Structure formats: C-alpha cells, structure tokens
Chemist: 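Handing you a structure now.
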Amino acid sequence: MQQIFANHIRIFNTTVTTVALELRSGSYTLPTLRLFDGNLDLIQQQLKQKIDQAPSFFIHSPVVIDLQEFTDDELDFPALTKVISSLKMHMIGVRGGSPELHALATECDLAVLTVGAARSPEKTSVDQEIDTSKQPDASNVVTDVNDDPQEPEQPDLVMFTSETISTPIRSGQRRYTRHGDLIALAQVSEGAELMADGNIHIYGTLRGRALAGVQGDTSARIYCQNLQAELVAIAGHYQVSEDIDDDLRNQPVQIYLNDQTLVIEKL
Amino acid sequence: MARTIVITSGKGGVGKTTTSASFAMGLAKKGHKTAVIDFDVGLRNLDLIMGCERRVVYDLVNVINDEANLNQALIRDKRCDNLYILPASQTRDKDALSQEGIGKVIDELSKDYDYIVCDSPAGIEKGAMLAMYFADDAIIVTNPEVSSVRDSDRMLGIMASKSRRAEQNDEPVTEYLLLTRYDPSRVKRGDMLSVEDVQEILSMDLLGVIPESQDILNASNSGEPVILQEKTDAAKAYKDVVGRYLGEDIPQRFINQKGFLGRLFGG
C-alpha cells in the first residue's frame with residue numbers, strides 16, 4: 001500500500017473575488033502492484049487469481065504500479081492499462097523504475113509517484129497560496145503490504161473509520177470495513193461474511209463468517225454474543241465450525257491470537 | 001395508489017404460487033380490488049392454480065412489448081369480481097422481461113387497484129429480481145427445513161439491497177414470514193424445524209403458518225385457490241394470514257398438534 005500526500009493549496013482567481021476551488025491535502029492508501037515481469041498474459045492471469053480471492057476488495061479500486069523490481073527499460077503501458085481495466089481496476093500511476101519507464105508512463109497520462117525520500121513542499125506560483133499549517137511534516141510514508149498476511153508492514157498513517165450495521169446481515173451478503181472496526185448490532189446469518197482490518201463486534205448471533213485483522217493486524221479480536229460461526233479468523237489464522245469446541249457453541253465469546261494460536265474464550 | 005406485494009422464497013416448490021392464488025383471492029374477497037401477476041415466464045403455473053388456463057389470450061410479455069394493452073391481458077376471475085389475473089408467457093423466457101416494462105405495468109395497475117400481488121419464480125435470477133424490485137411488502141414463503149430457510153435469508157438480503165425502495169433510500173420493504181407445509185407431528189419428532197427455530201434464524205415476525213395438507217394438492221388440481229374450500233385447515237390458515245396482513249389481531253393457530261378432542265371436533 002502506498003500513501004500519497006497532496007498539499008493544501010487554495011487557488012484564487014485574481015480578478016474575481018469568489019474562491020473558485022480549493023485544493024486540500026489528503027492521504028490515501030492504495031493497492032500497489034509490484035511488477036517483476038512485463039509479460040502481459042502472465043500479469044493478467046496472476047492478477048485475476050489474486051482478485052478472485054476477494055473480488056469486492058478490488059472492484060473499481062485505483063492501483064499504483066511499482067517498478068522498483070522491474071529491470072527492463074520498456075513496458076507497454078497502453079496494453080497494461082487495458083489489462084488492468086479489464087479486471088475492473090483503475091491504474092493511476094507508477095512508482096520506482098528507470099527514467100525511461102517514467103517517460104513512457106507520462107506519455108500514457110499516468111502519474112509518477114515519488115519513492116521513499118522526504119518530499120519538500122514545492123514552490124507555487126504567485127496566484128496560489130499554500131496553507132502551510134495543513135502540510136504533512138512527516139516524511140513520505142511508503143509501505144507495501146506483503147501478499148503473505150502473516151508478515152505485514154502497517155502503514156504509519158491511516159484514517160481510522162469504524163462501521164456500524166444495525167440490520168441483520170443475511171446469507172450471501174459481505175461487509176468489509178477498511179482501516180477500522182466493524183460493529184454488527186443484529187445477527188449475522190449463515191453464509192454471510194464480515195471482514196475488518198480491525199476488530200469485529202457482533203451483538204447478535206454469529207452464524208456466518210467473521211474475519212478480523214484481514215490486513216494482518218494480529219492484535220485484532222472478534223467479540224460475539226452467541227457463537228455459531230461457520231468460520232472465524234484473525235490475521236489469516238482461522239478455525240472452521242467443525243474445530244470449535246462444543247462447550248463454546250451458543251456462548252458469548254471473544255476470539256484473539258495468542259502467539260500464532262487462535263484462542264476462543266467465554267466472556 | 002396500490003400496495004405491491006411480492007410472494008417470494010428463493011427456493012422452489014415451497015408454495016409461492018399456492019400462496020399467491022389464495023392470498024390474492026383472500027384480499028379480493030374482503031372487497032379490495034386485486035391483481036395477481038405471474039412472473040414465472042416460461043413456466044406458467046398461476047393460471048392453472050386459479051383455474052383460468054383456458055381463457056388466456058394475451059400475457060405479461062405481450063403487454064410489455066406493447067402487443068396488447070393491459071385490459072386485454074387481464075383475466076377477471078369467475079368467482080370474485082374484484083380479482084384479476086395477469087398470466088405469464090409460456091413460450092418465452094425471463095429475458096423477455098425488462099425493468100422498464102414491469103415498471104409501466106405496475107404503474108398502470110396502481111391507478112385502479114388496491115393490491116398488486118407478484119408471484120415470483122424460484123431462484124435469484126432476473127424473473128425473481130424483477131418480481132421483488134417494485135415491492136412495498138414481501139411475503140417470504142419458507143418451509144420448515146434448513147435449505148429453504150437459508151434461501152429465504154439470501155432473498156431477504158437481496159431485497160435489502162436491490163429493491164427499488166433500497167435503491168432510492170425509501171423505507172425498506174416490509175417483510176413477513178409465512179411458514180408453509182408445516183407438520184406439527186414431524187416437528188415433535190424432531191424431523192422438522194419448529195416455528196421458533198425458523199423465527200430465531202431469520203429474526204422476522206410471523207405472518208402465519210399453513211399446515212401441510214392433502215387439501216392443497218386437491219385444490220390445485222381442480223383449479224381452485226385452496227382458500228375457497230372453507231372447511232379445510234389450509235383455507236382457515238390463509239384467511240388468518242390475509243386478516244393479519246390487513247391489520248386484524250388474529251392469534252396464531254396450526255402450530256401445535258391437535259389433541260384427540262381437537263381432531264374430533266375439527267377445532
């Protein structure tokens with residue numbers, strides 16, 4: 001994942017007194033696709049496999065192409081853009097790689113994002129005013145989420161948002177809360193799926209699946225009033241219904257990770 | 001403005017068409033002008049259950065394609081002047097239905113009718129989606145067994161996100177649970193889920209219970225909605241359901257097994 005910072009800039013129209021628009025700073029976490037090879041067929045096939053594991057994560061998601069490990073000086077960006085958009089994702093820019101690649105990317109209207117080093121606020125022209133108080137003072141954060149959920153690097157700065165759902169979550173429905181906790185006030189039916197980067201709280205009966213810490217947060221927990229789950233997981237460590245102790249069924253429980261072991265405990 | 005009610009279930013063979021026929025007849029008998037639409041294009045059945053199969057000239061698809069107007073296609077019931085049937089087409093498939101076309105039909109019926117009953121096909125494909133799309137109320141027909149309950153749950157989830165009311169952020173569709181083919185003696189033996197079990201899994205209010213009975217099969221074969229065979233338990237149960245839907249306070253019955261005296265006196 002990559003963080004992008006934009007400066008907070010107000011642009012005034014010099015002749016008219018009303019403010020036409022405002023540029024504000026925002027920080028976003030974006031999926032980053034690290035390319036090792038330029039073979040488009042392979043990219044298409046392997047990316048599709050990844051997406052199929054969690055289609056709702058990626059649909060219409062922007063994506064940054066990381067070229068740090070890419071050794072060629074040539075890449076067919078128009079064709080790559082087509083491959084990515086055929087999988088319902090939007091390629092918005094590249095990072096890393098050679099200046100030649102950057103030139104090719106720029107030709108295709110892709111942004112080139114800086115890697116690593118701290119970014120100094122750029123000087124702006126006279127009719128722009130920088131609101132310096134809103135500038136991020138930390139160095140540009142660049143982190144990648146590994147494919148292996150066991151060894152993640154957490155982004156240093158993310159907006160924490162939790163989500164509360166008050167209606168029953170029915171069979172076939174999926175809810176995912178990015179960067180936060182998911183709180184379900186009613187039941188979660190068999191065949192429904194809850195996922196959150198943070199904790200999951202269920203104040204009804206859990207009959208479906210609950211996956212907490214899906215980006216690898218091993219301190220995430222699941223709390224539920226009545227455990228009848230098909231599957232529970234924290235940071236990729238899971239247990240299916242069959243393995244859950246009979247004593248714990250229909251009980252209020254909390255579920256957490258203790259040194260790579262999933263613990264289910266009565267509340 | 002008419003109230004549009006969808007009779008749906010997800011699973012096939014649970015009693016949607018039987019319920020549509022008896023429920024529509026019950027509303028009409030109470031003096032409400034009612035239209036019942038068969039959405040099962042390609043597997044037309046409602047006309048048989050209603051006993052009007054020999055009077056079908058035009059059908060729903062003809063009306064959608066402007067090959068006939070609504071009044072030409074509507075069949076007036078011979079037993080009740082307030083009831084009209086709009087049959088499905090047997091020679092076409094569900095692709096012949098369009099959201100726009102159905103919307104037009106429902107809008108037009110809304111002007112003259114009090115209630116529009118939509119008999120949904122099984123499954124969650126186009127026919128079922130269109131049958132529920134315009135609904136204000138939904139009667140979820142469920143048999144007391146696990147697969148039917150799960151399919152009902154799925155249907156409820158779809159309705160909560162894909163109906164017109166959901167898409168336009170209106171008040172959600174009002175959901176009613178109707179348990180059909182209920183057999184108290186099999187519940188007692190543990191062969192069948194109980195009313196409480198089903199209510200607990202679906203967390204919904206119960207509109208009624210229709211007991212399993214040979215009378216329903218006989219009524220279907222003779223082309224008469226079972227609600228008209230007044231001496232049968234099924235007719236009494238459907239009358240209760242119509243009354244409760246219209247806001248009458250009627251206690252639940254047919255949930256417990258009849259005792260010896262009950263069987264003697266048919267109470």
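A, B, ... follow the sequence lines: proteins, then strands. Residue 1 opens every chain. Note that the structure is predicted; figures quoted are calculated from it, not measured.
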Chemist: Does atom CD of B:Glu248 have more than 12 heavy-atom neighbours, drawn from other residues, nucleotides or ligands, at distances under 6.0 Å?
Modeler: yes
Chemist: Answer yes or no: are there more than 12 heavy-atom neighbours, outside B:Gln168 itself, under 6.0 Å from its atom CD?
Modeler: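 Correct, the count exceeds 12.
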Chemist: Please determine whether the number of non-hydrogen atoms from other residues, nucleotides or ligands lying under 6.0 Å from atom CG of A:Asn250 exceeds 12.
Modeler: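 For A:Asn250, atom CG is crowded (more than 12 foreign heavy atoms under 6.0 Å).
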Chemist: Hey, is CZ on B:Arg3 packed in by over 12 heavy atoms from elsewhere, all under 6.0 Å?
Modeler: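 Yes - once you tally the heavy atoms of other residues, nucleotides and ligands closer than 6.0 Å, there are more than 12.
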Chemist: Give a yes or no on this: more than 12 heavy atoms of other residues, nucleotides or ligands lie within 6.0 Å of atom CZ of B:Arg44.
Modeler: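 Counting other residues, nucleotides and ligands, CZ of B:Arg44 exceeds 12 neighbours.
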Chemist: Please say which of B:Ile158, B:Ile201, B:Asp153 ends up in a side chain to side chain contact (heavy atoms under 4.5 Å, CB included) with A:Ser171.
Modeler: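 Single side chain to side chain contact (heavy atoms under 4.5 Å, CB included) partner of A:Ser171 among B:Ile158, B:Ile201, B:Asp153: B:Asp153.
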Chemist: Please name the pair of heavy atoms, one in B:Ala160 and one in A:Gln173, separated by the smallest distance, quoted to 0.1 Å.
Modeler: CB-NE2, 4.4 Å
Chemist: Distance from B:Arg150 atom CZ to A:Ser189 atom OG, nearest 0.5 Å?
Modeler: 10.0 Å
Chemist: Using non-hydrogen atoms and a limit below 4.5 Å, what part of residues 196-206 of chain A faces chain B?
Modeler: A:Thr205
Chemist: Between B:Met159 and chain A, which part of the residue has a heavy atom less than 4.5 Å away: side chain, backbone, both or neither?
Modeler: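 Answer is neither: B:Met159 stays 4.5 Å or more from chain A.
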Chemist: Considering only heavy atoms, which portion of A:Glu190 lies under 4.5 Å from any heavy atom of chain B: side chain, backbone, both, or neither?
Modeler: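 Interface part for A:Glu190: both.
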Chemist: Verify the neighbour count for atom CD of B:Glu167: are there more than 12 heavy atoms of other residues, nucleotides or ligands below 6.0 Å?
Modeler: yes
Chemist: Check B:Ser203 against A:Gln187 and note the closest heavy-atom contact, atom names and distance.
Modeler: OG-NE2, 2.9 Å
